[in-house]
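Structure record follows, encoded as structure tokens.
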Amino acid sequence: MAYDTLEIEHHGAVRRILLARDAQRNAQSQQMLDELMAAFDDAARDDTVNAVVLGGKGAHFSAGHDLKQAQAERANFTVEERWAYEELRYFDYSMRIWDFPKPTIAQVQGACVAGGFMIANMCDLVVAGESAFFSDPVGHTLGAAATEVLIHPWVMGARKAKEMLYTGGKLSAQEAHAIGMVNRVVPDAELADAALALAQQIAKAPPFGLRLIKRSINRTLDAQGLRTALAAHFDTHQLSHLSEGFLTARDRGLASAIQKNPASA
């Protein structure tokens, strides 16, 4: 299948999916999200693929959702329309990456912000370049209750999650590694090779065994309440769209949040 917003690489038993809107810092448009799910579905069906690497072309992994498109097409959505759009493309698509039956590795450089943070942390492992930074500033920029999938406390601990979300600040690759959110940090020039080498090592294992390991570890987190907590936060996030803070940001122009974002530099 040909994609307009992605590039697909085949490396034996490893499939690399690259977000390919680098001129827009890989901002996630509706088309990109739909194509991303199609690419994951294709990799799931392909028995020659044992592991998937998710990365981004250019200097940045992803600056988040495409707010210019959101301003142009969805600023005046009703509650029902916004809920349906975000339940499918933000929540359900993210959970499909979380539940993907094969091991996944996020390959992260530069900005990994908001929606970018969300999809990277749906992956099983994260390999970061030294330039990578992680942020979810939407409480400051949009008046919203974090991104749609509150994976943050599960991957970085409650205190660091609160600090990042309360302040709108960012976490360096080195800090993320120190708290266990990132598996490895490598020089940017070595990032693609390092992520691929890790994926290829994983792909040597019998795939059914890996699938069962992943399922058991994810079920361990489910037993601790992960899936229920994420679903509950999605509802809370939708409520925040009715707040004065969000309505002010909407009326000012959602795209202006790109300039306001303290993690954009």
Side-chain angles (χ1 to χ4, degrees), residues 24-30 32-33 36 60-95 97-98 111-122 133-171 181 226-265:
Q24 294 81 29
R25 301 171 80 225
N26 292 321
Q28 299 163 28
S29 63
Q30 177 176 332
M32 175 182 278
L33 290 169
L36 185 60
H60 302 285
F61 175 77
S62 175
H65 297 140
D66 188 334
L67 296 181
K68 291 181 179 179
Q69 183 183 60
Q71 177 67 31
E73 300 178 8
R74 301 192 301 278
N76 295 315
F77 264 15
T78 65
V79 170
E80 294 86 352
E81 288 170 332
R82 185 179 300 279
W83 188 297
Y85 183 91
E86 296 194 356
E87 184 178 42
L88 174 63
R89 291 190 170 84
Y90 297 166
F91 190 84
D92 288 356
Y93 282 6
S94 293
M95 295 310 296
I97 298 175
W98 180 263
C112 185
V113 175
F117 181 96
M118 195 163 70
I119 64 168
N121 281 288
M122 293 296 101
F133 64 90
F134 303 85
S135 180
D136 185 356
V138 299
H140 282 250
T141 60
L142 292 175
T147 44
E148 294 74 16
V149 181
L150 192 69
I151 194 65
H152 313 54
W154 297 91
V155 297
M156 62 194 305
R159 292 197 185 278
K160 291 302 291 185
K162 287 177 179 178
E163 179 183 355
M164 190 173 79
L165 293 169
Y166 290 176
T167 66
K170 56 187 179 181
L171 203 67
M181 192 179 87
L226 177 142
R227 201 169 297 262
T228 299
L230 296 186
H233 173 74
F234 177 78
D235 296 351
T236 301
H237 176 86
Q238 295 305 314
L239 175 63
S240 72
H241 290 146
L242 300 176
S243 70
E244 287 299 320
F246 179 81
L247 295 176
T248 298
R250 182 199 64 184
D251 294 343
R252 186 173 56 236
L254 297 177
S256 67
I258 299 171
Q259 286 72 42
K260 186 180 177 184
N261 181 358
S264 63

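Index from 1, following the sequence.
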Q) Got a second to check how far Gln30's CD is from Gln69's CD, nearest 0.5 Å? A) 6.0 Å

Q) Will you find, in the side chains of Ser62 and Gln28, an N or O donor that is under 3.5 Å from an N or O acceptor? A) yes

**Q.** From His65 atom NE2 to Ser29 atom OG, the distance as rounded to the nearest 0.5 Å
**A.** 10.5 Å

Q) In Å, rounded to the nearest 0.5 Å, how long is the span from CZ of Phe117 to CZ of Phe61? A) 11.5 Å

Q) Ignoring hydrogens and geometry, is there a side-chain-to-backbone donor-acceptor pair from His241 to Phe246 under 3.5 Å? A) no

Q | Pairs satisfying salt bridge (charged side-chain N to carboxylate O under 4.0 Å, His left out), at least one member in residues 230-250, at least two apart | A | none

Q) So, the side chain of Asp136 versus the backbone of Gly168: is there a donor-acceptor pair under 3.5 Å, distance only? A) no

Q: Could you check Glu86 against Gln238 for side-chain hydrogen bond (donor to acceptor under 3.5 Å, both in side chains), going step by step and ending with a plain yes or no?
A: CA-CA 9 Å; Glu86 296 194 356; Gln238 295 305 314; 2.8 Å; yes

(Q) Could you tell me if the side chain of Leu150 sits less than 4.5 Å from the side chain of Leu165, heavy atoms only? (A) yes

(Q) Which heavy atom of Gly143 sits nearest to which heavy atom of Ser243, and what is that distance? (A) O-OG, 3.5 Å

Q | Euclidean distance, Cys112 SG relative to Asn121 CG, rounded to 0.5 Å | A | 6.5 Å

For a quick test of your reading: what N or O donor-acceptor pairs under 3.5 Å do the side chains of residues 226-234 make, sequence neighbours left out?
{"unit_1": "Arg227", "atom_1": "NE", "unit_2": "Asp222", "atom_2": "OD1", "d": "3.3"}
{"unit_1": "Arg227", "atom_1": "NE", "unit_2": "Asp222", "atom_2": "OD2", "d": "3.3"}
{"unit_1": "Arg227", "atom_1": "NH1", "unit_2": "Asp99", "atom_2": "OD2", "d": "3.1"}
{"unit_1": "Arg227", "atom_1": "NH2", "unit_2": "Asp99", "atom_2": "OD1", "d": "2.9"}
{"unit_1": "Arg227", "atom_1": "NH2", "unit_2": "Asp222", "atom_2": "OD2", "d": "3.3"}
{"unit_1": "His233", "atom_1": "NE2", "unit_2": "Ala145", "atom_2": "O", "d": "2.8"}
{"unit_1": "His233", "atom_1": "NE2", "unit_2": "Thr147", "atom_2": "O", "d": "2.9"}

Identify each donor-acceptor pair in which a side-chain atom of residues 73-84 lies under 3.5 Å from a protein atom, sequence neighbours left out, and give them as a table.
{"unit_1": "Arg74", "atom_1": "NH1", "unit_2": "Tyr85", "atom_2": "OH", "d": "3.2"}
{"unit_1": "Arg74", "atom_1": "NH2", "unit_2": "Tyr90", "atom_2": "OH", "d": "3.2"}
{"unit_1": "Thr78", "atom_1": "OG1", "unit_2": "Glu80", "atom_2": "N", "d": "3.4"}
{"unit_1": "Thr78", "atom_1": "OG1", "unit_2": "Glu80", "atom_2": "OE1", "d": "3.4"}
{"unit_1": "Thr78", "atom_1": "OG1", "unit_2": "Glu81", "atom_2": "N", "d": "3.0"}
{"unit_1": "Thr78", "atom_1": "OG1", "unit_2": "Glu81", "atom_2": "OE1", "d": "3.4"}
{"unit_1": "Glu81", "atom_1": "OE1", "unit_2": "Thr78", "atom_2": "N", "d": "2.9"}
{"unit_1": "Arg82", "atom_1": "NH2", "unit_2": "Arg74", "atom_2": "O", "d": "3.1"}

(Q) Applying side chain to side chain contact (heavy atoms under 4.5 Å, CB included) to Val113 and Phe134, what does each step give before you reach the verdict? (A) CA-CA 6 Å; Val113 175; Phe134 303 85; over 6 Å; no

Q | Over all atoms of both residues, closest heavy-atom pair of Ala111 and Arg25 | A | CB-NH2, 3.5 Å

Q: Please name the pair of heavy atoms, one in Ser94 and one in Met118, separated by the smallest distance, quoted to 0.1 Å.
A: OG-CE, 3.7 Å

Q | Heavy-atom side-chain contact between Lys170 and Met164 under 4.5 Å | A | no

Q. With a 4.5 Å heavy-atom cut-off, do Val149 and Phe91 have their side chains touching?
A. yes

Q. Going through the checks in order, is the side chain to side chain contact (heavy atoms under 4.5 Å, CB included) test met by Leu36 and Tyr93?
A. CA-CA 9 Å; Leu36 185 60; Tyr93 282 6; over 6 Å; no

Q. In Å, rounded to the nearest 0.5 Å, how long is the span from CZ of Arg89 to CG of Leu33?
A. 7.5 Å

Q. Out of curiosity, Met122 CE to Ile151 CD1, how far, rounded to the nearest 0.5 Å?
A. 4.0 Å

